[in-house]
Amino acid sequence: MKKFFVIMMVALTLGVVINAVLPVVSFAGPENQIASAITAQAPAKVERVEANRAITITMFLIIVGITLGIVVWAAKRTKTTADFYAARGAITGTQNGWAIAGDYMSAASFLGIAGLISLYGYDGFMYSVGWLVAYVTVLLIVAEPCRNAGKFTMGDILSFRTNPKPVRAAAAISTVAVSTFYLTAQMVGAGKLMELLLGIPFRIAISGVGCLMIIYVVFGGMIATTWVQIIKAGLLMTGAGVLCILVAAKAGFNPVQFFSDVATNTNIQSWVQINLLKEAIPKAGFDYGQRFLEPGLLLKDVWDQISLGMALVLGTAGMPHILMRFFTVPTAQAARKSVIIAMFIIGTFYILTTLLGFGAAINVSPQLISRVDAGGNMANMLLAQMLGNQVAPLAGDFLLAFLCAVAFATILAVVSGLVLAASAAISHDIYVNIVKGGHADQHEQVRAARITSVAVGATAIIIAILAEGQNVAHLVALAFAVASSGNLPVVILALFWRKFNTAGTIAGLMVGTFVAIGLVLVSPNMQYPKIIAAGQQKISVALEQKQAGGATLTDKEKAELAKAKMLYEKNKDGSSMMGLDKPLFPLKNPGIVSIPVGFLAAVLFSLMFRRKKEEDAFDELYVRQNTGIGVAKTIAH
Amino acid sequence: MAEQQTDWAAIAKNPKFEEIHHRKAVFLFGWWIFSCVYYFLLPIGAGSAQGLYSVKIIGNINFGYLFALSQFFVSWAIALYYAWWANSVSDRLTSELLDELKLR
């Protein structure tokens with residue numbers, strides 16, 4: 001136990017040191033719409049959410065206390081690698097279902113989607129659908145075969161019948177890439193959220209979250225991570241449920257009345273007319289309120305949506321932290337049960353989210369929500385405060401504090417799962433199986449896993465602090481794109497195609513991963529200073545024309561003019577990170593191109609470098625993944 | 001590893017295993033493709049058939065909302081149907097195979 005405390009102290013001081021050493025880096029620039037939808041943005045000065053600090057911090061401390069209690073309990077049970085990576089395979093189907101839901105639903109799901117619905121209506125709801133449908137792929141294609149054929153990581157499945165060293169290395173690279181992108185987006189979002197809610201400075205928030213996540217993973221491994229995720233999923237469903245009851249009560253628990261409230265709300269009507277459709281004078285007879293319930297206010301490019309849909313439907317099943325959850329249950333039946341339970345939890349949550357989003361639009365008004373945060377991320381919080389206070393004074397503060405605590409738990413659960421997945425890839429695939437050639441005793445393996453977790457966690461904290469002020473929202477889409485283009489094709493082919501082999505695995509992983517990353521680098525997700533400059537020039541020209549026409553500008557307009565000129569000068573000679581003036585690839589989501597390319601590379605390279613021995617070994621893999629023969633032995637060895 | 005002696009190729013050629021394999025492939029990939037087609041109809045329809053999505057069905061609730069909502073219920077239905085099918089068909093066949101091979 002003494003050693004534990006030493007490491008715990010190291011983790012805590014790490015945060016403080018990183019804080020002190022790193023320079024302040026910040027980049028300014030306009031954020032795109034989807035971007036602001038997923039991570040929090042800087043608050044407007046006018047209004048803000050005022051969480052009651054005493055209540056909120058007490059709740060945070062309760063959550064930290066309970067979870068640390070679990071860590072101490074789990075640490076005593078974490079002795080072998082099977083404990084550390086897979087919780088001994090002793091998690092039940094129901095527990096794992098809750099844990100999958102807790103692992104998957106991030107703060108972006110909780111705050112972002114409700115915000116999107118409150119600002120853009122129907123399109124926000126449509127956006128949420130793909131996140132659940134993705135689980136049909138997980139259930140039908142990957143969950144049970146992975147349970148039967150794998151051990152701790154994706155590399156285990158892929159290296160089953162191939163040349164293990166290069167395949168494990170490639171699998172680890174793509175796992176670390178996906179985890180890093182997703183983790184960075186989550187951490188930066190967490191930092192901004194804490195800043196917005198409680199006024200905790202960005203770096204302190206990130207270091208605090210980072211240190212807790214390191215402690216959970218290092219001491220408690222998969223056992224503690226699983227329970228943190230289960231608790232978080234319970235808290236999230238409770239919070240969403242309570243808020244929904246309050247919203248539904250306002251409409252007398254009548255769905256028809258509820259939607260009629262949306263359509264007849266004057267705030268929503270003027271928001272749609274002025275802010276979304278940009279019509280200064282209302283068209284006679286046009287039902288602007290009803291328009292809020294129809295598509296096309298946010299998602300305008302169908303190809304981009306299809307591309308995102310493909311990345312979600314195929315990417316979720318290739319997410320290393322989701323795949324890893326199937327190694328924690330004892331049988332394929334339990335894996336199946338866990339996905340179905342997770343689907344009901346996640347689906348219910350997204351349906352409740354509709355109610356919350358529209359409820360926030362009715363009760364709080366889209367105007368106020370967007371003033372507090374342009375991306376709408378505070379919609380749920382504002383709603384909670386308002387409806388709670390209508391029930392009883394202080395109830396609003398209490399509910400708001402509870403939701404802040406839920407958001408906090410949400411972040412902790414997701415980042416812990418990601419750190420565990422990334423460190424499993426590095427320590428199990430690279431260190432134990434490549435560097436040590438599989439010859440390391442349990443004690444050494446667990447120590448390697450713990451050291452890697454500290455390193456991965458510390459790196460995540462540093463990257464997140466460096467990324468402050470960067471637009472990181474596209475990193476979530478990028479993580480799904482890499483998982484769907486690099487990981488999923490090779491996992492499917494490895495499990496179901498006899499002729500698949502080493503060359504195909506490496507080519508599929510590398511081509512899929514790098515094509516997805518490459519396309520994002522030349523996509524509209526990046527900032528193109530010349531396009532920003534052109535936009536600013538338009539603003540300044542319009543204002544100058546107004547001035548030349550004899551009108552005097554208000555102080556606000558003068559300030560706008562000066563700002564536009566400044567931004568024009570700053571951006572007019574710049575180019576994107578890749579040295580481009582405008583995007584080469586028209587879509588924000590690369591999936592529609594990178595997924596077929598990933599599959600194609602895997603198939604072509606397999607056929608070019610046929611390996612008889614690997615094809616013969618397919619029988620064993622195929623019989624195992626279908627029947628589960630040899631699973632117990634796989635765990636034991 | 002003790003399971004080295006298992007003759008995997010022989011199991012793979014066992015008629016019972018071939019039946020499991022065939023029925024699973026048809027069921028799993030069939031329903032997976034169905035779910036994908038049903039899902040992609042949603043964004044494609046939103047882009048190309050906005051008029052249809054705007055048709056009011058009950059009060060202010062329109063076709064678009066009900067269609068998006070149906071995605072959740074269809075996904076759940078597929079999941080439950082699969083659970084039922086797996087319990088009554090593939091798990092049963094697998095356990096028969098394991099008995100036949102005397103692997104337990």
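Values below: all heavy atoms of this structure, side chains included; hydrogens, waters and symmetry mates excluded. Below, read A as the first sequence line, B as the second, and so on, with proteins coming before strands; counting in each chain starts at 1. These figures come from a predicted structure and were not determined experimentally.
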query = Relative to the ring of B/Phe34, is the ring of B/Trp31 parallel (under 30°), tilted (30 to 60°) or perpendicular (over 60°)?
reply = perpendicular
request  = Can you tell which part of A/Phe258 gets under 4.5 Å to a heavy atom of chain B, answering side chain, backbone, both or neither?
outcome  = neither
key: Step-by-step side-chain hydrogen bond (donor to acceptor under 3.5 Å, both in side chains) determination, B/Asn62 to A/Glu294   = CA-CA 8 Å; B/Asn62 56 25; A/Glu294 293 165 8; 4.7 Å; no
Lys/Arg N to Asp/Glu carboxylate O, A/Asp619 vs A/Arg498, below 4.0 Å = yes
task = Specify which of B/Ala68, B/Gly47, B/Gly59, B/Ala83 makes the most heavy-atom pairs with chain A at under 4.5 Å.
result = B/Ala68
key: Among the listed options B/Ile78, B/Leu69, B/Ile44, B/Ile58, the residue most often paired with chain A at heavy-atom distances under 4.5 Å   = B/Leu69
ask   = Looking at A/Met126, A/Met343, A/Gln290, which one has more heavy-atom pairs under 4.5 Å with chain B than the rest?
value = A/Gln290
query = Top residue by heavy-atom pair count (under 4.5 Å) with chain B, among A/Tyr122, A/Tyr135, A/Phe344?
reply = A/Phe344
task = Measure B/Ala86 against the heavy atoms of chain A and call it side chain, backbone, both or neither at under 4.5 Å.
result = both
query = What part of A/Thr354 is in contact with chain B, defined as an atom under 4.5 angstrom from a non-hydrogen atom: side chain, backbone, both or neither?
reply = side chain
query = Heavy-atom distance under 4.5 Å to chain B: side chain of A/Glu144, backbone, both or neither?
reply = side chain
message = Less than 4.5 Å to any heavy atom of chain B: does that hold for the side chain of A/Tyr622, its backbone, both, or neither?
response = both
note = Turns out that what part of B/Phe40 lies under 4.5 Å from chain A's heavy atoms comes down to side chain
ask   = With only heavy atoms counted, which part of B/Phe73 is less than 4.5 Å from chain A, the side chain, the backbone, both or neither?
value = side chain
request  = Using a strict 4.0 Å threshold on nitrogen-to-oxygen distance, state whether B/Asp91 and A/Arg336 make a salt bridge.
outcome  = yes
inquiry  = Any salt bridge linking B/Glu18 with B/Lys13? Criterion: basic side-chain nitrogen under 4.0 Å from a carboxylate oxygen.
reply    = no
ask   = Would a 4.5 Å heavy-atom cut-off, applied to side chains only, mark A/Phe500 and A/Phe618 as touching?
value = no
note = So, the part of A/Leu314 with a heavy atom under 4.5 Å from chain B: the answer is side chain
request  = To the nearest 0.5 Å, tell me how far B/Leu41 CG sits from B/Cys36 SG.
outcome  = 11.0 Å
Within the 6.0 Å centroid threshold, strictly below: B/Phe27 and B/Trp85 = yes
note = If you tally heavy-atom pairs under 4.5 Å between each of B/Leu80, B/Ile20, B/Val74 and chain A, the highest tally belongs to B/Leu80
message = Just by distance, no angles: are the side chains of A/Tyr104 and A/Ser109 close enough, under 3.5 Å, to form a donor-acceptor pair?
response = no
task = Mind ranking A/Leu139, A/Asn626, A/Val256 by heavy-atom pairs under 4.5 Å with chain B and telling me who comes out on top?
result = A/Asn626
request  = Decide if the gap between the ring center of A/Trp131 and the ring center of A/Phe349 is smaller than 6.0 angstrom.
outcome  = no
Choice from A/Ala332, A/Ala617, A/Pro295 maximising heavy atom contacts with chain B below 4.5 Å = A/Pro295
inquiry  = Could you check whether A/Tyr350 and A/Phe125 have their ring centres less than 6.0 Å apart?
reply    = no
inquiry  = Less than 4.5 Å to any heavy atom of chain B: does that hold for the side chain of A/Val133, its backbone, both, or neither?
reply    = both
request  = Side chain from CB out, backbone as N, CA, C, O: work out which of these in B/Tyr65 comes under 4.5 Å of a heavy atom of chain A, or both, or neither.
outcome  = both
query = Relative to chain A, which segment of B/Asn87 carries a heavy atom at a distance below 4.5 Å: side chain, backbone, both, or neither?
reply = both
query = By a 4.5 Å heavy-atom criterion (distance strictly below it), what part of A/Asp616 contacts chain B: side chain, backbone, both, or neither?
reply = neither
query = For B/Phe29, is it the side chain, the backbone, both or neither that has a heavy atom under 4.5 Å from a heavy atom of chain A?
reply = side chain
Donor + acceptor pair across side chains of A/Gln305, A/Asn589 (<3.5 Å) = no
Any side-chain donor near an acceptor of the partner, B/Ser75 and B/Tyr39, under 3.5 Å = no
inquiry  = If I measure from the heavy atoms of chain B, does A/Ile141 come under 4.5 Å with its side chain, its backbone, both, or neither?
reply    = side chain
